[in-house]
Amino acid sequence: MTVSRVLLDGKVRWVTSRADNVAILPVSLAELLALHLDDARAAIESASDLIDPGQLSVLAPVDEQEVWGAGVTYRRSRDGRAEEATDASIYDRVYEAHRPEVFFKSIASKVVADGEAVGIRADSDWNVPEPELGLVINSRAEIFGYVVGNDMSSRSIEGDNPLYLPQAKVYDRSCALGPSIVPVWDAGAAAKAISVSILRGGLEVFAGTTTTDLIARPLTELVEWLFLAMSFPTGVVLLTGTGIVPEKDFTLERDDTVTITIDGVGTLANPVAIVGAAQPEVPGR
């Protein structure tokens, strides 16, 4: 079963799909995530207004939800950050610390859908995708479902100074989610394999794999920290970190295609575009 945000006859709707049956949901994702998990499941499974899936155009699967990220949750991520950083010790400390790194990533309206272009910053010469399992969480801090995520990152900017993290992580087209949400009762809680392939001119220039059982913290612990001092009445998406980090000599280029697959969740594919402008000249610096 999947839950998707779609364009149907010029209107944005939420639908549920199982096998060849697609039904319109009478509620939005925000309304589903305001409910207890059992009530949300009942609302989804009661959908019976079947439609032709050929009429649909799939949109990013968020409506009112913020997207947040958890950083340095895999050992490979810690090592990758150490490769780029002027002070590598802070990433060791975060990886081992009681408190995880949690940061804001995107508002719903800026999330890129499957098939749309993700961005690399024009003022960065070292840019990578970050394939991640996204947790779709309801207002009661219950995991409602899973989604494929791409937390685009400018490694050169964060590497210059960790305080530049918001600029390295938050910019136009920096967050992609999709194509749909798989409810937790269908996907289960077992570890999930994650893979990424990057094509350039039709040829694969990078590929990598990992699995979510390599995340250093339980997923429920990451959720608990996110909700510790914040509330999300319409739910939230939490990206859980990446275990796939290309080597230092790799950077994304315009017109590359990034394809991320998470077993049991789906496949998210996006071309790459350049966003923003080059660094401004600052007199005297």
Side-chain angles (χ1 to χ4, degrees), residues 66-106 124 126-137 141-143 146-170 174-175 184 188-196 206 208-232 236-251 260 262-263 265:
E66 296 174 353
V67 182
W68 287 70
V72 200
T73 56
Y74 291 80
R75 183 175 296 274
R76 178 65 187 106
S77 179
R78 182 202 65 177
D79 295 344
R81 294 297 181 268
E83 291 172 358
E84 72 195 30
T86 53
D87 178 7
S89 66
I90 65 168
Y91 297 102
D92 288 323
R93 296 199 301 273
V94 167
Y95 184 75
E96 302 289 347
H98 178 59
R99 182 187 295 272
E101 177 193 11
V102 179
F103 58 89
F104 175 78
K105 180 65 180 180
S106 181
S124 171
W126 190 10
N127 305 281
V128 295
E130 294 195 2
E132 305 191 17
L133 177 69
L135 308 179
V136 182
I137 308 161
E142 299 171 307
I143 298 175
Y146 303 113
V147 66
V148 184
N150 184 352
D151 171 19
M152 295 288 290
S153 184
S154 296
R155 294 185 69 182
S156 61
I157 293 176
E158 183 179 0
D160 282 347
N161 189 321
L163 294 180
Y164 295 160
L165 176 72
Q167 296 173 75
K169 293 286 191 179
V170 184
S174 66
C175 178
V184 67
K192 297 172 184 8
I194 302 175
S195 64
V196 63
F206 177 81
T209 61
T210 190
T211 176
T212 57
D213 61 2
L214 296 178
I215 296 176
R217 305 169 188 266
L219 299 181
T220 52
E221 179 183 326
L222 294 175
V223 174
E224 183 178 2
W225 279 103
L226 178 62
F227 277 73
L228 194 63
M230 288 188 294
S231 58
F232 301 95
V236 64
V237 177
L238 177 63
L239 299 175
T240 55
T242 188
I244 306 173
V245 181
E247 299 303 325
K248 294 174 64 175
D249 61 352
F250 179 85
T251 186
I260 301 168
I262 302 181
D263 287 355
V265 180

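Predicted model, so just to flag it, every value in this text is computed and none were measured.
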Checklist outcome for this item: Taking every heavy atom of Ile244 against every heavy atom of Thr210, the minimum-distance pair comes out as CG1-CG2, 3.7 Å
Checklist entry - Would Asp151 and Phe103 satisfy side chain to side chain contact (heavy atoms under 4.5 Å, CB included), going step by step from the backbone distance to the final call? => result CA-CA 11 Å; Asp151 171 19; Phe103 58 89; 3.7 Å; yes
Next on the checklist: How long is the straight-line distance from CG of Leu238 back to CD of Glu132, given to the nearest 0.5 Å?
Outcome noted: 9.0 Å
For residues 214-228, which side-chain N or O atoms pair as donor and acceptor with protein atoms under 3.5 Å away, sequence neighbours left out?
| from | atom 1 | to | atom 2 | distance (Å) |
| --- | --- | --- | --- | --- |
| Arg217 | NH1 | Ala97 | O | 3.4 |
| Arg217 | NH1 | His98 | O | 2.9 |
| Arg217 | NH1 | Glu221 | OE2 | 3.0 |
| Arg217 | NH2 | Val94 | O | 3.4 |
| Arg217 | NH2 | Ala97 | O | 2.7 |

Checklist entry - Are the side chain of Ser106 and the backbone N or O of Val67 linked by a donor-acceptor pair below 3.5 Å? => result no
Item to check | Distance (rounded to the nearest 0.5 Å) between Ser153 OG and Trp126 CH2 | outcome: 10.0 Å
Checklist entry - With respect to Glu130, which candidate in Arg155, Lys105, Lys169 satisfies the salt bridge (charged side-chain N to carboxylate O under 4.0 Å, His left out) definition? => result Lys169
Checklist outcome for this item: Smallest heavy-atom separation, Phe104 atom then Val170 atom, equals O-CG2, 3.4 Å
Item to check | For Asn150, side-chain hydrogen bond (donor to acceptor under 3.5 Å, both in side chains) partners two or more places apart | outcome: none
Checklist entry - Taking all atoms of both residues into account, what is the closest heavy-atom pair of Thr212 and Leu133, and its distance? => result CG2-CD2, 4.0 Å
Next on the checklist: Restricting to side-chain hydrogen bond (donor to acceptor under 3.5 Å, both in side chains), what partner residues turn up for Asp213, sequence neighbours left out?
Outcome noted: Thr211
Checklist entry - Are the side chains of Leu135 and Tyr146 in touch, meaning some heavy atoms are under 4.5 Å apart? => result yes
Item to check | Close side-chain approach of Leu165 and Glu101, heavy atoms under 4.5 Å | outcome: yes
Checklist outcome for this item: When Asp160, Thr251, Asn127 are each screened for side chain to side chain donor-acceptor pair (under 3.5 Å) with Ser154, the one that passes is Asn127
Item to check | Atom of Leu239, atom of Gly134 and distance for their closest heavy-atom approach | outcome: CD2-CA, 3.9 Å
Next on the checklist: On a heavy-atom basis, which atom in Val196 and which in Pro131 lie closest, and how many Å separate them?
Outcome noted: CB-CG, 3.6 Å
